[in-house]
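Written out below as structure tokens is the structure these notes cover.
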Amino acid sequence: MKNRFIPLLGIFSIFSFTACNNAVQDEMAVAETTPEKAIFEGQPLSMEYEDEITKLISQMTLEEKAGMLHGTSMFATSGVPRLGIPELTMADGPLGIREEISRDSWAPAGWTNDFATYLPAGAGLSATWNPQLAYTFGNVIGAEARDRNKDVLLAPAFNIIRTPLGGRTYEYFSEDPFLNTQITVPYIVGVQENDVAACIKHYAVNNQETNRGTVDVQMDERTLREIYLPAFEAAITDAHAYSVMGAYNRFRGDYLNENEYMLQNVLRDQWGFKGIVISDWAAIHSTVKALKAGADVEMGTPRPFNEFYFADPLIAAVKAGELSEEEVDKHVRRVLRLMYNIKSIDSTGRAKGARNTEQHLKDAYDIASESIVLLKNDKKMLPLDLEGISSIAVIGDNATKKNALGGFGAGVKTKLEVTPLEGLQNRLPESIQINHAQGYLERYSKTDKAKYGDITLNGPVTIDELDPQLLEEAVNAAKNSDVAIIFAGSNRDYETEASDRANLDLPFGQEELINKVMEANPNTIVVMIAGAPFDIENVDQRASTLVWSWFNGSEGGNALADVLLGKVNPSGKLPWTMPKNLEDSPAHATKSFPGGDVATYDEGILVGYKWFDTKNIEPLYPFGYGLSYTDFELSNAKVDKTEAYANAETIRVSVDVENTGKLDGKEVVQLYVSKEDSEVERAAQELKGFIKALVPAGGSKTVTIEIPVKDLAYYSNENSDWVVEPGTYTLRIGNSSRNISEEVIVNIK
Ligand code: BGC
């Protein structure tokens, strides 16, 4: 049987729901349940090929075996052609299938047929709060990987966002383990339905780029289990990801790829993983220790391929008796098992994939249009009413900036990337004049000393200088237009793999530009395009209208224009907390970022909103926040049982969602759990369920969120196990972590 996506109806049927009558509503109330884990179920690796694998291994030389365990080109291992074993081919990445890289260097291979659909970056996907769209995303990127003849997709990337400065925040999903899991699982299921293995990364606790190659991360077991591992665990036990990327950093002293606790005890013994561990590129540091700990395939070591740790040194270790050939066979077996399962050995019936299709563009559009977050709409300037408007100033380098390629990390060579300016040109009637001005220049402070990627460090302050002529053009454009839209934020050169940002400042003098444009035209809309929080408190104090968009894929500009013009009613919600000050964020308040040789996560379980809520610190915009062009009211929260037994039951909480405005819209109903009189430290509240529901204008709908009682457990360091504490729990329901409108109480016995 193929991997299955089991659609739990509500999520689809609601989209075609226009009229509101009781019959339909009742049906909705039944069908629309929380998109919890079990909805998306992957197919476990089949063990039915083990005899054939034994036979193949018995015919292989030691050299052939070693060839299957290390890169013999940048993104592939060797096959054994005489036995019908192909290479194992891999491709990044998070934004779409990366362009082909040369076999023996990082230079692009220069192909002309390696274009791919550019999909919204991870933070945008999670801002949809829509697991169905995560499944769609996975399915698109999986099909494109297959069409490019790739066996392993090096994605999804979903390390917890511990600091807002993180260079890869834009690639990752969330600060919250529950939201992280809800996006990760369907993504993987979607990928693997295409006979492509997902390689989930970066396992694990790789939450900063600073010193990522060496930093030794320390935290207690509870923090590990409650915050940093849940999405990885669900990726293995529910989605059945076939491969795992061992991260660069160390954990409790050992490199992740030499970490027996993480690779053997947790991943294989506790979670039942039967696939392969592929090292991050250049993250292997030994032969015997790494193999014995559980790493299977070594990639990216900056040496000739035959000098990789799992190449000649592996052969030598066997010959010297330091490593048994059975140990080598164990790793080869795992690789072959994966190959059979994705049908790369016997390719009969293997999915064919597809790339750059109209459907994939439409999917990219759908994801982008649900990801955009409306932060502020005080003057109700949005959606733009074109009546009486004859000109719009479009200002800012981000109006024309393309983000498919860029930065240090993987990008995608795409045929289409609609910029915000092009989106408006596509969507506005010709009668409206667009006055475009670049406004600011990207400037980087590269110094001779800086490593590649250190763009925001070490530099002179010129990064913030505005060009006087560009400023003047922008101010004039604003003055001479009925409305001004500033596209500000960052880009993928500024937010990048391999370095964290030095601070949260808006770079390139944008704050000054925004101020001057707002002085010239009070009808100014500020649109931020970025993947991570920025300090926009000053902008927020002055701007009446604020929108947050992302590095948002091939159709990003069209989706953004449709939100600004009201064709799409925004429904994105922040997947992380936007702090007022960096020092308010837990890793910074505890001064434990970035650490030195060791990074101790001193905030423990209080990551993201859990810290802000527990310590009563007001964020600029809270986790889960996002407005709509309509208004929703939540009422009548009910719980199906007020008493339940630990580990045995599921609690169902229903709530009425009323759309009191004039436009159809989607609301994310969020459920947070509090345990006030707990015997152990607890966050003030934790997200434990959510559902995104479409409610027609003037309509109302009852949604039901299911919470298995076992999800109320905390991880006990003493028992080395999950414990559901008896007593009273408050289930808090709202549309952001800071806007709770309903509460119900349950007693756990
Ligand atoms: C990144 C990985 C990526 C690999 C191959 C590494 O630098 O950390 O996410 O898959 O390179 O490009």
Side-chain angles (χ1 to χ4, degrees), residues 70-77 88-109 114 116 119 121-123 141 145 148 150-161 166-173 184 187-188 191 196-215 217 232 235 241-250 255-257 276-285 295 297-302 305 308 404-413 451-454 492 495-500 531:
H70 70 276
T72 51
S73 63
M74 291 302 287
F75 282 88
T77 58
L88 187 71
T89 57
M90 311 173 199
D92 279 307
L95 313 182
I97 302 307
R98 187 178 191 169
E99 67 185 321
E100 192 67 17
I101 301 297
S102 304
R103 284 186 76 85
D104 55 6
S105 83
W106 284 102
D114 55 347
L119 289 152
I141 198 168
R148 279 279 309 286
K150 301 300 178 191
D151 299 318
V152 179
L153 174 75
L154 305 171
F158 52 89
N159 294 93
I160 285 283
I161 293 165
R168 300 184 87 165
T169 301
Y170 80 88
E171 271 184 71
Y172 296 157
F173 293 153
T184 296
Y187 182 133
I188 295 165
V191 169
V196 168
C199 182
I200 59 173
K201 66 190 189 184
H202 308 86
Y203 184 71
V205 293
N206 178 187
N207 309 94
Q208 64 186 54
E209 297 303 288
T210 309
N211 302 330
R212 68 173 176 175
T214 51
V215 66
V217 174
F232 283 101
Y242 291 169
S243 63
V244 170
M245 184 181 289
Y248 283 121
N249 48 295
R250 303 176 205 239
Y255 281 111
L256 257 303
N257 288 293
I276 63 174
V277 172
I278 300 172
S279 76
D280 201 340
W281 269 235
I284 292 280
H285 302 275
V297 174
E298 175 190 10
M299 295 302 294
T301 305
F305 297 118
F308 278 30
L405 291 168
F408 182 97
V412 49
K413 192 161 119 191
K451 295 191 299 293
Y452 185 41
D454 283 351
R492 289 192 52 241
E495 288 182 50
T496 179
E497 181 183 334
S499 67
D500 296 310

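Counting starts at 1 for both ligands and their atoms, in listed order.
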Can you find a pair of side-chain heavy atoms, one from [X] and one from [Y], that are under 4.5 Å apart?
| X | Y | value |
| --- | --- | --- |
| Trp281 | Leu154 | yes |
| Thr214 | Asn249 | no |
| Phe158 | Ile200 | yes |

### Task
Check Met299 against ligand 1 and report side chain, backbone, both or neither, counting heavy atoms closer than 4.0 Å.
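Contact part for Met299 vs ligand 1: neither.
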
### Task
Answer with side chain, backbone, both or neither: which part of Arg168 has a heavy atom less than 4.0 angstrom from an atom of ligand 1?
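For Arg168, only side-chain atoms sit under 4.0 Å from ligand 1.
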
### Task
Carefully, step by step, assess Tyr203 and Phe232 under the rule ring-ring contact (aromatic ring centres under 6.0 Å, His included).
CA-CA 8 Å; Tyr203 184 71; Phe232 283 101; 5.4 Å; yes

Using a 4.0 Å cut-off to any heavy atom of [X], which atoms of ligand 1 qualify?
| X | value |
| --- | --- |
| Phe75 | 5 (C), 12 (O) |
| Met245 | 10 (O) |
| Arg212 | 7 (O), 8 (O) |
| Trp106 | 12 (O) |

### Task
Looking only at protein heavy atoms, identify the closest one to atom 5 (C) of ligand 1 and say how far it is in Å.
Asp92 OD2, 3.3 Å

### Message
Can you report which non-hydrogen protein atom sits closest to atom 4 (C) of ligand 1, along with the distance?
### Response
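Looking only at protein heavy atoms, the one closest to atom 4 (C) of ligand 1 is Asp280 OD1, 3.5 Å.
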
### Message
Between Glu100 and Arg148, does any NZ, NE, NH1 or NH2 come within less than 4.0 Å of an OD or OE carboxylate oxygen?
### Response
yes

### Message
Salt bridge or not between Glu497 and Arg212? Use side-chain N to carboxylate O under 4.0 Å.
### Response
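Counted as a salt bridge, because a side-chain N and a carboxylate O are separated by less than 4.0 Å.
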
### Query
If you measure from each heavy atom of Arg98 to ligand 1, is any distance below 4.0 Å?
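The answer is yes: ligand 1 sits under 4.0 Å from a heavy atom of Arg98.
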
### Task
For ligand 1, find out whether one of its N or O atoms is nearer than 3.5 Å to an N or O atom of Glu497.
yes

### Query
Are any of the N or O atoms of Lys201 closer than 3.5 Å to those of ligand 1?
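Among all N and O atoms of Lys201, at least one is under 3.5 Å from an N or O of ligand 1.
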
### Message
For a ring-ring contact (aromatic ring centres under 6.0 Å, His included) check, start with the C-alpha distance between Tyr248 and Tyr255, then their side-chain angles and the critical distance, and finish with the verdict.
### Response
CA-CA 7 Å; Tyr248 283 121; Tyr255 281 111; 9.7 Å; no

### Query
Hey, are Asp151 and Thr89 close enough side-chain-wise for a donor-acceptor pair under 3.5 Å?
yes

